[in-house]
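Quick notes on the structure that follows.
Quick caveat: nothing in here was measured; it's all calculated off a predicted structure. Counting starts at 1 for both ligands and their atoms, in listed order. These values consider heavy atoms only, across backbone and side chains, with no hydrogens, waters or symmetry-generated copies.
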Amino acid sequence: MNRRYRKTIIAGNWKMNKTLSETRAFADAFKAILPKVKTCDVVLCVPSVNLQGAIRAFKDCRVSVGAQNVHYEASGAYTGEVSPAMLSDLGVKYVIIGHSERRQYYNETDFTVNKKVHAALAAGLRPIVCVGESLEQRELGVTMELVEYQVKAALSGVTAENVRRVTVAYEPLWAIGTGKTATAEQAGEVCSHIRAVIRGLYGARVARSITIQYGGSMNGSNAAELLAQPDIDGGLIGGASLDPEKLLPIIEAAGQEQT
Ligand code: PGA
């Protein structure tokens, strides 16, 4: 990571985990151990039904609350969906867009990801856009091309001014929830390519200001090595974000790296 130009963001993705009572219990335990000195931004993306409760529970500390999905329309007949304005009005700061589980189980496409990015930015939210290849695609040797396509599609039509509020999360599908992490070199190589793609689209100044995260079985033991890569500026963390004692070492690792 490179603190001179961009934010380090450690974001938890709770997926479909934790009731409101469990969210409050996590907040109490986490606040008791979270260092007061801010060495990175901390975000927790919770289920939509618990967003308001989470905002209250983390009100008096430096944790920002994020959502895990958003609809691209402002309002209307979309049963079960949540609009960007509903999130920003609650005080939600971040929203994950295009997570591989949404792409896999809920027909999220590069086209809808792009529409959601525009809608989220228009509502003042900070999108965390997920990209990444499957094991099959990695073995075919098309990782770089695929990730480049996903980034370009997600950011299509986004202005240079607005793109500064976007975080890109590189999450190789084969590393998510599997306990199998990409090596620091593998992850670093793809994150560098993502920055090069953004440089090609928006120029060097914008590219160096964008936070690029790695996600996929990141934990307290591998975080420091991953975050030492020059183009990895944080993590999107699933499993290890559910337990304050497991999330803390990742935040500490982000604090130790001072380059
Ligand atoms: P994991 O999930 O840390 O449990 O692998 C990461 C993610 O899906 O964002």
Do the side-chain N and O atoms of N114 and S156 include a donor-acceptor pair separated by under 3.5 angstrom? no
Around K15, counting heavy atoms of other residues, nucleotides and ligands shown, do more than 12 lie under 6.0 Å from its NZ? yes
Above 12 or not: heavy atoms from other molecules or residues under 6.0 Å from NZ of K18? yes
Quick check for students: name every N or O atom pair between ligand 1 and the protein closer than 3.5 Å, with distances.
from     : atom 1 : to   : atom 2 : distance (Å)
ligand 1 : 2 (O)  : K15  : NZ     : 3.4
ligand 1 : 2 (O)  : G238 : N      : 3.4
ligand 1 : 3 (O)  : S217 : N      : 3.4
ligand 1 : 3 (O)  : G238 : N      : 2.8
ligand 1 : 4 (O)  : G239 : N      : 2.9
ligand 1 : 5 (O)  : G177 : N      : 2.7
ligand 1 : 5 (O)  : S217 : N      : 2.7
ligand 1 : 8 (O)  : K15  : NZ     : 2.7
ligand 1 : 8 (O)  : H99  : NE2    : 2.7
ligand 1 : 9 (O)  : H99  : NE2    : 3.3
ligand 1 : 9 (O)  : E171 : OE1    : 3.3
ligand 1 : 9 (O)  : E171 : OE2    : 2.6

Would you check, one step at a time, whether the test side-chain contact (heavy atoms from CB on, under 4.5 Å) holds for C130 with L236? CA-CA 9 Å; C130 301; L236 184 55; 3.7 Å; yes
Sidechain-backbone polar pair: N17 side chain, W14 backbone, donor-acceptor under 3.5 Å: yes
Would you say CD of Q137 has more than 12 non-hydrogen atoms from neighbouring residues, nucleotides or ligands within 6.0 angstrom? yes
